[in-house]
Q: 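Take a look at the following structure, please.
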Amino acid sequence: MKRYLAELIGTFVLVFGGCGAAVLAGDKIGFAGVAFAFGFSLLAMVYAIGPVSGCHINPAVTLGLLLSGKFEAKYAPGYIVAQIAGGIIAAGVLLIVAGGTTAGYDPSAAGFAANGYGAHSPGGYNLIAAFVAEVVLTFFLVFTVLGSTDIKAPVGFAGIPIGIVLVLIHLVGIPVTNTSVNPARSIGPALFVGGWALGQLWLFIIAPLIGAAIASAIYAMVRSEPMITARVAEAALPSEQIERAR
């Protein structure tokens, strides 16, 4: 249960921090500011909950780690449920905050940082462009997670490349789809927007999962042996843990 709670909290922070930046300050900080909000949220959570759960906070990452043999299947359903719950709770709390002005806030009219394509893409990109972008950008994310938690990767640094690649992903993807690469991040806002957001939600579930599967397959060609889990890779070394306990 500690792992599941950590995943819920981590996904809450990611969705509230990233989508909150877009909804509450997007007109002031622009796409770049929102991209850094998502990246910093993930970077912080890798160090905060990584040793507890591995900091997946994304069903696509969970799938990629599972397919690569770096995660136990028995935990996968609980992780995914916790991630989706965290995303929904974060969106609900964000809506309360966004509606706290005299003008109020209508998520269906304002968009509420929901992901979309066609008329609901920030740049007007069509379904095919959105699908390809989400697959490719999720590949970037999951491949980085797999590589930075490899047994030969520098110890203690996994959060940095993972956070940086999420910034890169958002710099590229926000104009196309508002950037998902994470079904839990997409489900939360879409439930409160309803209508078109729910109608287009399928793409932001399927495309990231495909991207994760491709990343796992390619990682299998370059990975080191033996493998370790993300949870172990993101924890302090045993000697460091003993030193801290003194």
Q: Quick one: closest heavy-atom pair of Leu14 and Phe38, and the distance?
A: CD1-O, 3.7 Å
Q: Looking at Leu166, Asn58, Ile162, Val46, which hits side-chain contact (heavy atoms from CB on, under 4.5 Å) with Val145?
A: Ile162
Q: If you take all heavy atoms of Ala130 and Tyr117, which pair is closest and at what distance?
A: CB-CB, 3.6 Å
Q: Between the main-chain N or O of Ala114 and the side-chain N or O of Asn178, is there a donor-acceptor pair closer than 3.5 Å?
A: yes
Q: Please check: side-chain N/O of Tyr219 versus main-chain N/O of Val142, any donor-acceptor pairing under 3.5 Å?
A: no
Q: Once you measure the plane-to-plane angle for Phe143 and Phe139, does it fall in the parallel (<30°), tilted (30-60°) or perpendicular (>60°) bin?
A: parallel
Q: Below 4.5 Å, heavy atoms only, C-beta onward: do Asn115 and Arg185 meet side chain to side chain?
A: yes
Q: Just how far is it from atom OG of Ser53 to atom CD of Gln83, taken to the nearest 0.5 Å?
A: 8.5 Å
Q: How close do Leu209 and Ala60 get, counting heavy atoms only, and between which atoms?
A: CD2-CA, 4.0 Å
Q: For a quick test of reading the model, state the closest non-hydrogen atom pair linking Ala6 to Val52 and the distance between them.
A: CB-CG1, 3.8 Å
Q: Could you pull out the closest heavy-atom pair between Leu24 and Ala98, with the gap in Å?
A: CD2-CA, 3.9 Å
Q: Got a donor-acceptor contact below 3.5 angstrom from the Lys70 side chain to the Ile228 backbone?
A: yes
Q: When you measure from the side chain of Thr149 to the backbone N and O of Ala230, does any donor-acceptor pair fall under 3.5 Å?
A: no
Q: If you measure only the distance, is there a donor-acceptor pair under 3.5 Å linking the side chains of Ser108 and Asp106?
A: yes
Q: Validate the cation-pi geometry between Arg3 and Tyr75: distance from NZ or CZ to the six-membered ring centre under 6.0 Å, angle to the ring axis within 45°.
A: yes
Q: Does a donor on one side chain and an acceptor on the other come within less than 3.5 Å for Ser224 and Asp150?
A: yes
Q: Step by step, would you call Phe36 with His170 a ring pair (Phe, Tyr, Trp, His ring centres under 6.0 Å)?
A: CA-CA 8 Å; Phe36 276 96; His170 279 79; over 10 Å; no
Q: Mark yes or no for whether Arg223, through its side chain, and Ser68, through its backbone, hold a donor-acceptor pair below 3.5 Å.
A: yes
